[in-house]
Enquirer: 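Okay, handing you the structure first.
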Amino acid sequence: MEKYIFEYPFEVRDYECDMQGIVNNAVYLNYLEHTRHRFLLQAGCDFASLHPQGIDPVVKRMEIDYKQSLRSGDKFVSKLNLKREGIRFVFYQDIYILPEMKLSVKARIEIACVVNGKISKGEELIPLFKEYL
């Protein structure tokens, strides 16, 4: 992914690593999710504030390609771009190890919008994302 609309820096903590000394594969899901939530804050919306309004963006599908393992103490940056594909919003997210900007993870996350318990066409989220689509 060459164009990004948001990035967020991180540092690997010791407890995120497995017995091999590398970040456990499930921890990357946390990094990716936290990046999306920080992006929402930048877009003017707190993720937790959507639910009381009956709006729940939910992960429909997630694809992750692991390229280079992160290790304890590594500094890295999580970057994302956003596209609308049909009724879904798709986050293209990449994680790069700093300072070399070595690709660690490529991910594609499809988000569906559930409104009052029913799948919607996602119009409720368009005002939040209009600047980025």
Side-chain angles (χ1 to χ4, degrees):
M1 176 80 28
E2 295 179 19
K3 180 185 173 206
Y4 301 99
I5 59 174
F6 182 78
E7 62 182 62
Y8 194 76
F10 288 87
E11 184 174 342
V12 176
R13 296 163 290 206
D14 292 341
Y15 64 84
E16 296 170 326
C17 298
D18 60 21
M19 290 177 51
Q20 298 169 318
I22 60 176
V23 170
N24 181 283
N25 62 342
V27 173
Y28 290 92
L29 301 176
N30 295 327
Y31 296 153
L32 296 168
E33 181 175 34
H34 189 67
T35 302
R36 290 192 306 277
H37 287 198
R38 297 302 300 190
F39 167 71
L40 279 175
L41 285 172
Q42 175 185 286
C45 176
D46 181 356
F47 180 77
S49 71
L50 294 172
H51 181 74
Q53 300 173 52
I55 302 170
D56 294 300
V58 296
V59 173
K60 174 73 175 147
R61 179 183 177 92
M62 185 176 286
E63 299 172 13
I64 300 175
D65 292 321
Y66 297 95
K67 303 291 188 179
Q68 176 75 37
S69 296
L70 289 167
R71 298 183 173 278
S72 181
D74 279 349
K75 290 177 176 35
F76 63 97
V77 63
S78 178
K79 300 186 176 203
L80 67 76
N81 198 359
L82 174 65
K83 302 226 184 263
R84 180 88 193 256
E85 296 181 12
I87 66 170
R88 293 197 176 98
F89 294 90
V90 180
F91 287 91
Y92 292 90
Q93 295 185 246
D94 299 331
I95 292 176
Y96 293 94
I97 304 169
L98 297 172
E100 301 87 9
M101 290 297 289
K102 190 171 201 171
L103 183 62
S104 175
V105 163
K106 287 191 81 54
R108 181 180 184 278
I109 297 95
E110 291 182 19
I111 304 294
C113 188
V114 176
V115 177
N116 297 318
K118 296 180 183 176
I119 289 280
S120 83
K121 293 182 181 178
E123 294 95 355
E124 300 80 8
L125 299 179
I126 291 175
L128 295 174
F129 299 146
K130 66 181 176 190
E131 175 182 339
Y132 305 102
L133 295 172

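Computed over heavy atoms, backbone and side chain alike; hydrogens, waters and symmetry mates excluded.
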Enquirer: Roughly how far, to the nearest 0.5 Å, is the CG atom of D56 from the CD1 atom of I111?
Expert: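 The CD1 atom of I111 sits 11.5 Å away from the CG atom of D56.
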Enquirer: Considering all heavy atoms of both residues, which atom of C17 and which atom of S72 are nearest to each other, and what is their separation?
Expert: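 The answer is SG-N, 3.6 Å.
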Enquirer: Enter the distance from E100:CD to K102:NZ here, rounded to the nearest 0.5 Å.
Expert: 7.5 Å
Enquirer: Tell me whether E63 at atom CD has more than 12 heavy atoms from other residues, nucleotides or ligands lying less than 6.0 Å away.
Expert: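 Counting other residues, nucleotides and ligands, CD of E63 exceeds 12 neighbours.
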Enquirer: Ignoring hydrogens and angles, tell me if any N or O in the side chain of E16 forms a donor-acceptor pair with the backbone of R13 under 3.5 Å.
Expert: yes
Enquirer: If hydrophobic clusters are built by linking Ile, Leu, Val, Met, Phe, Trp and Tyr wherever their side-chain heavy atoms come under 4.5 Å apart, do F39 and L133 end up in the same one?
Expert: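 Per the 4.5 Å side-chain linkage, F39 and L133 are co-clustered.
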Enquirer: Can you tell me how far CD1 of I55 sits from CZ of F47, rounded to the nearest 0.5 angstrom?
Expert: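 Between atom CZ of F47 and atom CD1 of I55 there are 11.5 Å.
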Enquirer: Parallel, tilted or perpendicular: which one describes the rings of F129 and F91, with boundaries at 30° and 60°?
Expert: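 Perpendicular: the ring planes of F129 and F91 meet at over 60°.
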Enquirer: Flag the pair K79 / F6 as yes when at least one side-chain heavy-atom distance between them is below 4.5 Å, and no otherwise.
Expert: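 The answer is no; the side chains never approach within 4.5 Å.
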Enquirer: State yes or no: do L103 and M101 share one hydrophobic cluster built from I, L, V, M, F, W and Y residues joined by side-chain heavy-atom distances below 4.5 Å, directly or via other members?
Expert: yes
Enquirer: Which of parallel (below 30°), tilted (30 to 60°) and perpendicular (above 60°) describes F10 and Y8?
Expert: perpendicular
Enquirer: Can you find a pair of side-chain heavy atoms, one from K67 and one from S104, that are under 4.5 Å apart?
Expert: no
Enquirer: Any non-hydrogen side-chain atom of I5 less than 4.5 Å from a side-chain atom of L80?
Expert: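 The answer is yes; the side chains approach within 4.5 Å.
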Enquirer: Is there a side-chain contact between L50 and P57 in this structure, where contact means two heavy atoms from C-beta onward sitting under 4.5 Å apart?
Expert: yes
Enquirer: With heavy-atom distances below 4.5 Å as the criterion, would you say the side chains of V115 and K118 are in contact?
Expert: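 Of all side-chain heavy-atom pairs linking K118 with V115, none is under 4.5 Å.
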Enquirer: Under a 4.5 Å cut-off applied to non-hydrogen side-chain atoms, are L82 and Y92 in contact?
Expert: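 The answer is no, as the side chains (C-beta and beyond) never meet within the 4.5 Å cut-off.
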Enquirer: Quick one: are V90 and R61 in side-chain contact, heavy atoms under 4.5 Å?
Expert: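 The answer is no, as the side chains (C-beta and beyond) never meet within the 4.5 Å cut-off.
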Enquirer: Which atom names give the shortest non-hydrogen contact between S78 and T35, and what distance separates them?
Expert: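 Scanning both residues, the minimum pair turns out to be OG-OG1, 2.7 Å.
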Enquirer: Would a hydrophobic clustering, with Ile, Leu, Val, Met, Phe, Trp and Tyr connected at side-chain separations under 4.5 Å, put V59 with L29?
Expert: yes
Enquirer: Determine, stepwise, if the pair N24 / Y15 fulfils side chain to side chain contact (heavy atoms under 4.5 Å, CB included).
Expert: CA-CA 9 Å; N24 181 283; Y15 64 84; over 6 Å; no
Enquirer: Once rounded to the nearest 0.5 Å, what's the spacing between atom OH of Y96 and atom CG of L70?
Expert: 13.0 Å
Enquirer: Would M62 and I64 satisfy side chain to side chain contact (heavy atoms under 4.5 Å, CB included), going step by step from the backbone distance to the final call?
Expert: CA-CA 7 Å; M62 185 176 286; I64 300 175; 3.9 Å; yes
Enquirer: What are the two closest non-hydrogen atoms of K130 and P127, and how far apart are they?
Expert: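 K130 and P127 have their closest heavy atoms at CG-O, 3.7 Å.
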Enquirer: Using a distance-only test with no angle check, is there a side-chain donor-acceptor pair under 3.5 angstrom linking Y132 and N81?
Expert: no
Enquirer: Has R71 got a side-chain atom pairing as donor or acceptor with G73's backbone, closer than 3.5 angstrom?
Expert: no
Enquirer: Does Q93 use its side chain to pair, donor to acceptor, with the backbone of L32 at less than 3.5 Å?
Expert: yes
Enquirer: Going from CG on D46 to NE2 on H51, what distance comes out if it is rounded to the nearest 0.5 angstrom?
Expert: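 Going from the CG atom of D46 to the NE2 atom of H51 covers 13.0 Å.
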Enquirer: Determine whether a donor-acceptor pair (N or O, by modelled atom type, separation under 3.5 Å) exists between the side chain of Q53 and the backbone of S49.
Expert: yes
Enquirer: Give, for atom NZ of K106 and atom CD1 of I95, the distance between the pair rounded to the nearest 0.5 Å.
Expert: 11.5 Å
Enquirer: Could you go step by step and tell me if V12 and Y31 meet the side chain to side chain contact (heavy atoms under 4.5 Å, CB included) rule?
Expert: CA-CA 10 Å; V12 176; Y31 296 153; 3.9 Å; yes
Enquirer: Does the pair R108 and E85 meet the rule for a salt bridge (charged side-chain N to carboxylate O under 4.0 Å, His left out), with working shown?
Expert: CA-CA 12 Å; R108 181 180 184 278; E85 296 181 12; 2.6 Å; yes
Enquirer: For a 4.5 angstrom cut-off between non-hydrogen side-chain atoms, does D94 reach V105?
Expert: no
Enquirer: Other hydrophobic cluster members with I119, side-chain heavy atoms of Ile/Leu/Val/Met/Phe/Trp/Tyr under 4.5 Å, chained?
Expert: V58, I87, V114
